[in-house]
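What follows is a single structure, written as structure tokens, with notes after it.
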Amino acid sequence: MTETAPTAPKPDRSWVLDDLVEQSGIRAAIAVSGDGMLLVKNTGLDQADAERWAAVSSPLQACARHGMEPLGYPTTGFEQVLVQHSQGYQLLQPFGEESYLVLVTDADTDLGVVSTEMQVTAKRLGQEMGTAARTAAGRHT
């Protein structure tokens with residue numbers, strides 16, 4: 001019988017999103033890979049809910065990345081997606097070539113403040129998770 005070597009546990013980076021969720025009006029946050037896999041969630045969010053949310057957020061970022069491509073816009077121009085709901089907003093913002101931050105706010109949240117906090121958090125996530133930019137050939141730069 002062959003034994004497999006245990007893998008090292010991934011560092012817990014939920015604190016990065018916990019800091020974001022502490023902001024007024026932000027209810028939950030996740031970091032997601034480009035293919036919809038959950039990378040990290042804020043600690044107050046149920047794991048199954050976070051995984052489902054990650055999966056259903058994937059088409060939004062794909063649309064944002066590729067929606068304007070037929071009109072000659074590059075896929076690298078995706079900066080943010082905002083979905084308005086009667087109960088609040090869902091926002092998506094990339095923090096690496098293959099990853100993005102997703103959060104939900106209350107309806108009366110100041111979106112300017114949230115957008116600024118998202119930018120800071122996206123940069124922090126990129127640094128913490130080591131999301132290097134990728135070239136068109138798929139190599140890390």
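Scanning for salt bridge (Lys or Arg N to Asp or Glu O under 4.0 Å) contacts around D19 gives R124, with sequence neighbours left out. By the side-chain contact (heavy atoms from CB on, under 4.5 Å) test, E51 is found to be paired with L38, Q47, residues two or more places apart in sequence or in another chain being considered. With sequence neighbours left out, the side chain to side chain donor-acceptor pair (under 3.5 Å) criterion links Q93 to Q80. Scanning for side chain to side chain donor-acceptor pair (under 3.5 Å) contacts around D49 gives an empty result, with sequence neighbours left out. By the side-chain contact (heavy atoms from CB on, under 4.5 Å) test, V120 pairs with no residue at all, sequence neighbours left out. The side-chain contact (heavy atoms from CB on, under 4.5 Å) check on M37 picks up S33, D35, with sequence neighbours excluded.
The hydrophobic cluster containing L20 also contains L111, counting ILVMFWY residues as joined when their side-chain heavy atoms lie under 4.5 angstrom apart, directly or transitively. Grouping the Ile, Leu, Val, Met, Phe, Trp and Tyr side chains by contacts below 4.5 angstrom, directly or via other members, places V102 apart from V21. In terms of hydrophobic clustering, with Ile, Leu, Val, Met, Phe, Trp and Tyr side chains grouped at heavy-atom distances under 4.5 Å, V16 and V40 are assigned to a common cluster. Two different hydrophobic clusters hold L82 and V113 under the rule that ILVMFWY side chains link at heavy-atom gaps under 4.5 Å. Under a hydrophobic-cluster definition in which Ile, Leu, Val, Met, Phe, Trp and Tyr are linked whenever side-chain heavy atoms come within less than 4.5 Å, directly or via other members, L92 and Y89 are assigned to different clusters.
For L125 against F95, the heavy-atom pair with the smallest separation is CB-CD1, 3.8 Å. The shortest non-hydrogen separation linking A55 to P59 is O-CD, 3.5 Å.
The side chain to side chain donor-acceptor pair (under 3.5 Å) pairs that include a residue from residues 100-120 number zero, where partners must be two or more places apart or lie in different chains. For residues 56-81, no residue pair satisfies the salt bridge (Lys or Arg N to Asp or Glu O under 4.0 Å) rule, not counting sequence neighbours.
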Test L39 against V32 for side chain to side chain contact (heavy atoms under 4.5 Å, CB included), laying out the working first.
-> CA-CA 5 Å; L39 300 173; V32 182; 5.6 Å; no
Please walk me through it: do V114 and Q23 pass side chain to side chain contact (heavy atoms under 4.5 Å, CB included)?
-> CA-CA 8 Å; V114 169; Q23 302 297 317; over 6 Å; no
Between I30 and L45, does a side chain to side chain contact (heavy atoms under 4.5 Å, CB included) hold up when you go through it step by step?
-> CA-CA 9 Å; I30 56 175; L45 190 58; 3.6 Å; yes
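Here L71 sits in one hydrophobic cluster together with M68, Y73; the rule is ILVMFWY side chains under 4.5 Å apart, joined directly or through other members.
At least one donor-acceptor pair under 3.5 Å links the side chain of N42 to the backbone N or O of A29.
Residue Q61 holds its CD atom at 8.5 Å from CD of E98, rounded to the nearest 0.5 Å.
Two residues are said to be in side-chain contact when any heavy atoms from C-beta on lie closer than 4.5 Å; L91 and V81 fail this criterion.
If you check the side chains of E128 and W15, you find no donor sitting under 3.5 Å from an acceptor.
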